[in-house]
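To start, the structure under review is shown below, and the notes come after it.
Note that this is a predicted model, so its numbers are computed, not measured.
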Amino acid sequence: MAKLIYSMITSLDGYAEAAQGDLGNGAQDEEVHTFIGDLFRPVGTYLYGRRMYETMVFWETAHTAPDVPPHIVRYARDWQAAEKVVYSTTLDSVSSARTRIERTFDPDAVRRLKAEAEHDLTVDGPNLAAQAIAAGLVDEYHLFITTSVVGGGKRFFPDGVRLDLELAEERAFDSGLIYARYRTR
């Protein structure tokens with residue numbers, strides 16, 4: 001059975017989206033980007049909410065820009081090769097290959113996806129992830145923690161959730177970003 005992974009960049013104070021501005025520096029350098037690309041290369045399916053999909057669809061054409069570094073081309077190609085499921089009640093069409101729209105998040109359908117998948121899946125975006133967490137579907141949590149405290153926004157973990165996690169891996173980058181991978185117990 002494949003794992004469902006929830007991964008996001010998060011501020012030091014635990015926000016996956018800042019109320020104002022961005023989450024700070026650290027996630028855009030080549031070292032971090034290459035690590036993220038290597039980490040998620042084996043992912044076979046990305047589960048997105050509409051807003052996260054609209055952010056990530058950049059990778060459908062990122063490789064066509066002039067003077068694109070090799071690590072960006074590689075990430076774009078890997079993203080393009082994966083299946084994408086977008087959960088949205090408002091999106092009429094998608095603008096990437098290997099992508100379909102689902103109108104509602106169905107935990108049983110995701111359980112079937114996990115059971116049938118040959119490669120891991122990710123759930124991306126704090127709103128969609130909150131539904132997957134509430135349904136007990138998330139097997140691993142990958143946090144990329146910036147050096148910024150943003151004071152508010154949308155939290156990485158939804159309010160009211162209690163989890164018992166085991167630290168499986170950690171890494172600090174030259175930029176100050178910290179990667180922490182946790183497994184559910």
Side-chain angles (χ1 to χ4, degrees), residues 1-11 14-19 22-23 27 33 36-64 72-144 153-163 165 181-185:
M1 180 186 324
K3 295 180 296 198
L4 181 61
I5 300 164
Y6 172 35
S7 177
M8 293 280 300
I9 296 168
T10 181
S11 64
Y15 293 96
E17 291 179 16
D22 62 26
L23 293 174
H33 209 281
I36 291 171
D38 292 345
L39 186 66
F40 290 104
R41 186 162 298 118
V43 167
T45 306
Y46 292 99
L47 308 179
Y48 292 128
R50 179 192 53 82
R51 287 182 50 213
M52 183 57 70
Y53 172 71
E54 288 173 344
T55 298
M56 296 301 292
V57 77
F58 163 82
W59 295 105
E60 187 71 8
T61 58
H63 65 288
T64 64
I72 297 296
V73 172
R74 178 82 192 251
Y75 187 87
R77 294 289 187 208
D78 292 339
W79 187 86
Q80 294 161 14
E83 298 291 326
K84 278 81 68 184
V85 180
V86 183
Y87 296 89
S88 174
T89 58
T90 59
L91 197 62
D92 292 324
S93 63
V94 295
S95 50
S96 58
R98 305 180 61 108
T99 306
R100 73 176 194 270
I101 298 173
E102 294 288 340
R103 296 299 175 201
T104 59
F105 180 81
D106 179 357
D108 290 330
V110 175
R111 279 187 192 88
R112 285 190 298 276
L113 271 176
K114 285 176 61 174
E116 297 167 2
E118 294 180 20
H119 301 282
D120 290 340
L121 302 89
T122 68
V123 57
D124 299 286
N127 291 338
L128 188 61
Q131 294 177 65
I133 292 167
L137 294 169
V138 178
D139 302 294
E140 288 189 357
Y141 298 84
H142 296 222
L143 288 80
F144 290 88
K154 195 166 288 183
R155 299 190 61 75
F156 179 91
F157 289 105
D159 289 339
V161 69
R162 181 173 173 92
L163 300 167
L165 304 176
R181 178 172 64 97
Y182 294 91
R183 288 190 288 253
T184 56
R185 290 186 193 260

Subject >> Contact summary for Pro158 and Ile133, nearest pair of heavy atoms >> reply: CD-CD1, 3.7 Å
**OP:** Please tell me if the side chains of Glu60 and Ser95 come closer than 4.5 Å, counting only heavy atoms from C-beta onward.
**Re:** no
Subject >> Partner residues of Tyr75 under the ring-ring contact (aromatic ring centres under 6.0 Å, His included) criterion, sequence neighbours left out >> reply: His33, Trp59
Original post:
Looking at residues at least two apart in the chain, or sitting in another chain, which of them share a side-chain contact (heavy atoms from CB on, under 4.5 Å) with Ala81?
Top reply: none
Subject >> With sequence neighbours excluded, residues passing salt bridge (Lys or Arg N to Asp or Glu O under 4.0 Å) with Asp139 >> reply: Lys114
**OP:** Would you please name every residue forming a side-chain hydrogen bond (donor to acceptor under 3.5 Å, both in side chains) with Arg181, sequence neighbours left out?
**Re:** Glu140, Glu169
Subject >> Tyr48 versus Trp79, closest heavy-atom pair with distance >> reply: OH-NE1, 2.7 Å
Original post:
For Ser7, which residues count as a side-chain hydrogen bond (donor to acceptor under 3.5 Å, both in side chains) partner, sequence neighbours excluded?
Top reply: none
Subject >> Residues that Tyr15 engages under ring-ring contact (aromatic ring centres under 6.0 Å, His included), provided they are two or more places apart >> reply: none
Original post:
Can you name the residues that form a salt bridge (Lys or Arg N to Asp or Glu O under 4.0 Å) with Arg51, not counting sequence neighbours?
Top reply: Glu17
Original post:
Are any non-hydrogen side-chain atoms of Tyr141 and Leu163 less than 4.5 angstrom apart?
Top reply: yes
Subject >> Sole residue of Thr104, Asp106, Ile101, Leu47 in side-chain contact (heavy atoms from CB on, under 4.5 Å) with Tyr87 >> reply: Leu47
**OP:** Not counting sequence neighbours, list each pair that qualifies as a salt bridge (Lys or Arg N to Asp or Glu O under 4.0 Å) and has a residue in residues 82-95.
**Re:** Glu83-Arg98
Original post:
Mind checking what makes ring-ring contact (aromatic ring centres under 6.0 Å, His included) contact with Tyr53, not counting sequence neighbours?
Top reply: none
Original post:
Who pairs with Arg100 by side-chain contact (heavy atoms from CB on, under 4.5 Å), at least two apart in sequence or on another chain?
Top reply: Val85, Glu102, Leu113
Original post:
Any side-chain heavy atom of Arg74 within less than 4.5 Å of one from Arg41?
Top reply: yes
Original post:
Residues in side-chain contact (heavy atoms from CB on, under 4.5 Å) with Arg162, at least two apart?
Top reply: none
Original post:
With side chains defined as the heavy atoms from C-beta onward, is the minimum distance between Pro126 and Tyr6 less than 4.5 Å?
Top reply: yes
Subject >> Non-neighbouring partners of Leu137 that pass side-chain contact (heavy atoms from CB on, under 4.5 Å), sequence neighbours left out >> reply: Leu4, Phe105, Pro107, Val110, Arg111, Ala132, Ala135
**OP:** Determine the interplanar angle of the Phe144 and Phe40 rings, folded into 0 to 90°, and report it as parallel if under 30°, tilted if 30 to 60°, perpendicular if over 60°.
**Re:** tilted
Original post:
Considering all heavy atoms of both residues, which atom of Ala18 and which atom of Asp22 are nearest to each other, and what is their separation?
Top reply: CB-O, 3.7 Å
**OP:** Evaluate side chain to side chain contact (heavy atoms under 4.5 Å, CB included) for Asn127 paired with Met52, printing each intermediate quantity in order.
**Re:** CA-CA 10 Å; Asn127 291 338; Met52 183 57 70; over 6 Å; no
